[in-house]
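As structure tokens, the structure follows; a few thoughts come after it.
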Amino acid sequence: MKQGATNPMREQIREARRLVVKVGSALVTDNGRGLSLAALEDWARQIATLRRENRQVVLVSSGAIAAGMQRLGWTARPRETHALQAAAAVGQMGLAQAYEAVFSAHSLHTAQILLTHEDLADRARYLNARSTLATLLELGVIPIINENDTVVTDEIKFGDNDTLGALVANLIEADTLVILTDQSGLYTADPRKDPVATLVSEARAEDRTLEAMAGGAGTGISRGGMITKIRAAQRAARSGAHTCIAWGREPDALLRLAKGETLGTLLYASSSPLAARKQWLADHLQLAGALHLDAGAVRALETGRSLLPVGVVRVEGSFDRGEAIACIAPDGRAIARGLANYPSREIARIARHASHEIEGILGYVDEPELIHRDNLVLL
């Protein structure tokens with residue numbers, strides 16, 4: 001099917017009422033030469049049109065570090081955390097001002113929201129962020145979200161704004177995630193190296209073979225690459241959101257995608273959305289530890305049962321009650337994650353024992369399960 005045509009799967013994008021649009025650093029900063037006001041103005045014009053169609057739009061924008069590098073006269077991305085944070089602090093000022101100006105031209109208000117993984121890993125802060133975004137959207141404000149690079153550390157960073165875009169899509173239960181990038185979409189191989197590589201028009205987001213097509217990392221300006229976009233699509237699909245990857249300089253890309261045109265790559269969600277609480281669990285990027293299970297425990301989890309201590313063969317890491325941990329199968333695969341009912345030091349004592357033995361070993365019993373099925377999600 002040629003670019004510009006429509007098909008039934010793309011019709012679902014045309015019906016989308018809530019969208020998350022992620023724009024990359026290379027586009028925002030004209031490949032590191034400074035903030036591209038022309039690009040920002042064009043996105044604002046398109047988003048204003050979508051707003052007039054009664055669609056709600058959240059913009060996830062990279063570019064703070066790249067903009068700060070340009071302002072500071074740096075030609076290469078620094079590796080030191082403090083230097084990256086300094087560049088983000090300088091660049092974020094200009095980025096926020098620029099977005100406010102281009103959206104004001106369309107009588108739209110903007111709101112700046114800076115997030116870290118900690119904000120979404122903590123249940124109360126997660127719900128607060130969700131409520132704030134919902135309120136802003138109801139007010140007709142355009143939320144502009146970026147990772148809080150001025151305070152982020154290796155332990156709490158998202159790692160790339162493709163992942164952040166997917167997390168936001170899940171947070172607000174968006175219908176569609178649009179990732180605008182400096183490539184036309186996903187190809188069957190790296191088109192820079194393989195002259196016969198072809199564009200993938202659409203595929204299931206959950207198709208694990210896509211990662212092999214995605215290639216390596218991004219440019220020196222951006223942190224991601226096509227692989228992070230594929231993984232973002234897989235993550236967004238858990239809440240039922242479809243993902244479109246398109247060239248950010250394609251004329252009217254957002255408007256054409258919203259009309260259902262066949263543009264770029266559509267990675268569609270084919271499985272049923274997870275319940276909200278389990279979606280929150282699935283979106284934990286950093287886990288406090290892991291429980292290694294025997295084959296019987298794996299079968300129990302896969303049939304919808306809770307995790308009991310008898311099925312745990314080894315405890316990995318140090319964690320407290322209520323923290324998110326992984327469940328590892330005998331072959332080393334992470335098959336699930338959930339909230340621990342006991343701290344790691346106590347699970348180590350009751351592992352391989354029946355639930356009725358917990359009180360005799362620990363002197364108390366809170367729950368018969370190590371992880372209740374309501375607080376567990378399969379991967």
Side-chain angles (χ1 to χ4, degrees), residues 9-22 50 55-60 113 115-117 119-138 143 145 147 158-180 202-208 210-211 224 228-245 257-258 265-287 304 324 326 334-339 373-379:
M9 191 58 66
R10 298 276 179 161
E11 289 296 302
Q12 297 184 35
I13 307 302
R14 187 164 72 173
E15 299 299 318
R17 309 318 302 170
R18 180 173 287 184
L19 301 90
V20 173
V21 176
K22 183 267 178 180
L50 296 177
R55 302 182 197 244
Q56 297 177 331
V57 182
V58 173
L59 183 61
V60 175
I113 300 176
L115 295 173
T116 67
H117 177 259
D119 296 319
L120 301 186
D122 179 86
R123 183 64 176 168
R125 288 157 71 176
Y126 174 94
L127 293 174
N128 286 340
R130 178 187 175 97
S131 296
T132 298
L133 284 168
T135 301
L136 289 169
L137 291 173
E138 289 300 321
I145 300 177
E147 184 173 4
F158 293 110
D160 62 83
N161 274 355
D162 297 322
T163 300
L164 178 56
L167 293 174
V168 171
N170 294 342
L171 178 68
I172 65 170
E173 298 178 338
D175 304 300
T176 300
L177 168 64
V178 178
I179 299 178
L180 296 183
E202 64 180 56
R204 286 191 312 110
E206 300 92 341
D207 184 349
R208 295 295 176 178
L210 298 177
E211 294 189 19
T228 68
K229 294 163 180 57
I230 301 305
R231 290 172 179 165
Q234 293 168 351
R235 187 174 295 277
R238 292 176 183 160
S239 65
H242 306 301
T243 298
C244 296
I245 304 170
L257 286 169
T265 298
L266 169 63
L267 300 179
Y268 57 88
S270 58
S271 56
S272 299
L274 293 174
R277 183 172 177 81
K278 293 197 173 186
Q279 179 62 59
W280 169 71
L281 277 171
D283 278 343
H284 273 67
L285 301 183
Q286 286 90 28
L287 301 176
I335 63 160
R337 57 182 53 175
L339 301 181
R373 64 184 182 183
D374 290 345
N375 291 327
L376 186 143
V377 59
L378 294 175
L379 300 178

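Throughout, numbering of the chain's residues begins at 1 and tracks the sequence.
Pairing each heavy atom of I13 with each of R55, the nearest pair is O-NH1, 3.6 Å. Between A334 and L379, the shortest heavy-atom contact is O-CD1, 3.7 Å. Closest non-hydrogen pair, A269 versus A241, comes out as CB-O, 3.7 Å. Pairing each heavy atom of D119 with each of T116, the nearest pair is OD2-N, 2.8 Å. Of all the heavy atoms in A205 and L210, the pair that sits closest is O-CD1, 4.3 Å. Looking at every heavy atom in both residues, A166 comes nearest to A232 through CB-O, 3.3 Å.
The shortest side-chain heavy-atom distance between V20 and I145 does not fall under the 4.5 Å cut-off. In this structure the side chain of H242 never reaches within 4.5 angstrom of the side chain of D175, judged on heavy atoms. Contact of the E138 side chain with the Q56 side chain is registered, since non-hydrogen atoms from C-beta on lie closer than 4.5 Å. Within the 4.5 Å cutoff, the side chain of K278 has no heavy atoms near those of the D374 side chain. Side-chain contact check for L120 versus D283: every heavy-atom pair is 4.5 Å or farther apart.
The structure places CG of D122 at 9.0 Å from CG of L127, a figure rounded to the nearest 0.5 Å. Residue D162 holds its CG atom at 9.5 Å from CD1 of I230, rounded to the nearest 0.5 Å. Separation of atoms CD1 (I172) and CG (L136) is listed at 10.5 Å; rounding is to 0.5 Å. Rounding to the nearest 0.5 Å places CD1 of I113 at 11.0 Å from CG of L59. Between atom OH of residue Y268 and atom OG1 of residue T176 there is a gap of 15.0 Å, rounded to the nearest 0.5 Å. Atom NZ in K229 sits 10.5 Å away from atom CG in L177 (nearest 0.5 Å).
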Exercise for review: Evaluate side chain to side chain contact (heavy atoms under 4.5 Å, CB included) for R231 paired with T163, printing each intermediate quantity in order.
Suggested key: CA-CA 8 Å; R231 290 172 179 165; T163 300; 6.0 Å; no
Check your understanding: So E173 and R130, side chain to side chain contact (heavy atoms under 4.5 Å, CB included) or not? Walk me through it.
Key -> CA-CA 9 Å; E173 298 178 338; R130 178 187 175 97; 3.3 Å; yes
Practice item. Just do the side chain to side chain donor-acceptor pair (under 3.5 Å) check on S131 and N128 with the steps written out, would you? Key: CA-CA 5 Å; S131 296; N128 286 340; 5.6 Å; no
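In this structure, R337 contributes its side chain and A282 its backbone to a donor-acceptor pair below 3.5 Å. No donor-acceptor pair under 3.5 Å is formed between the side chain of R204 and the backbone N or O of S270.
Q279 pairs with exactly one of L171, N170, L167 by the side chain to side chain contact (heavy atoms under 4.5 Å, CB included) rule, that one being N170.
Other residues, nucleotides and ligands contribute more than 12 heavy atoms inside 6.0 Å of the CZ atom of R18.
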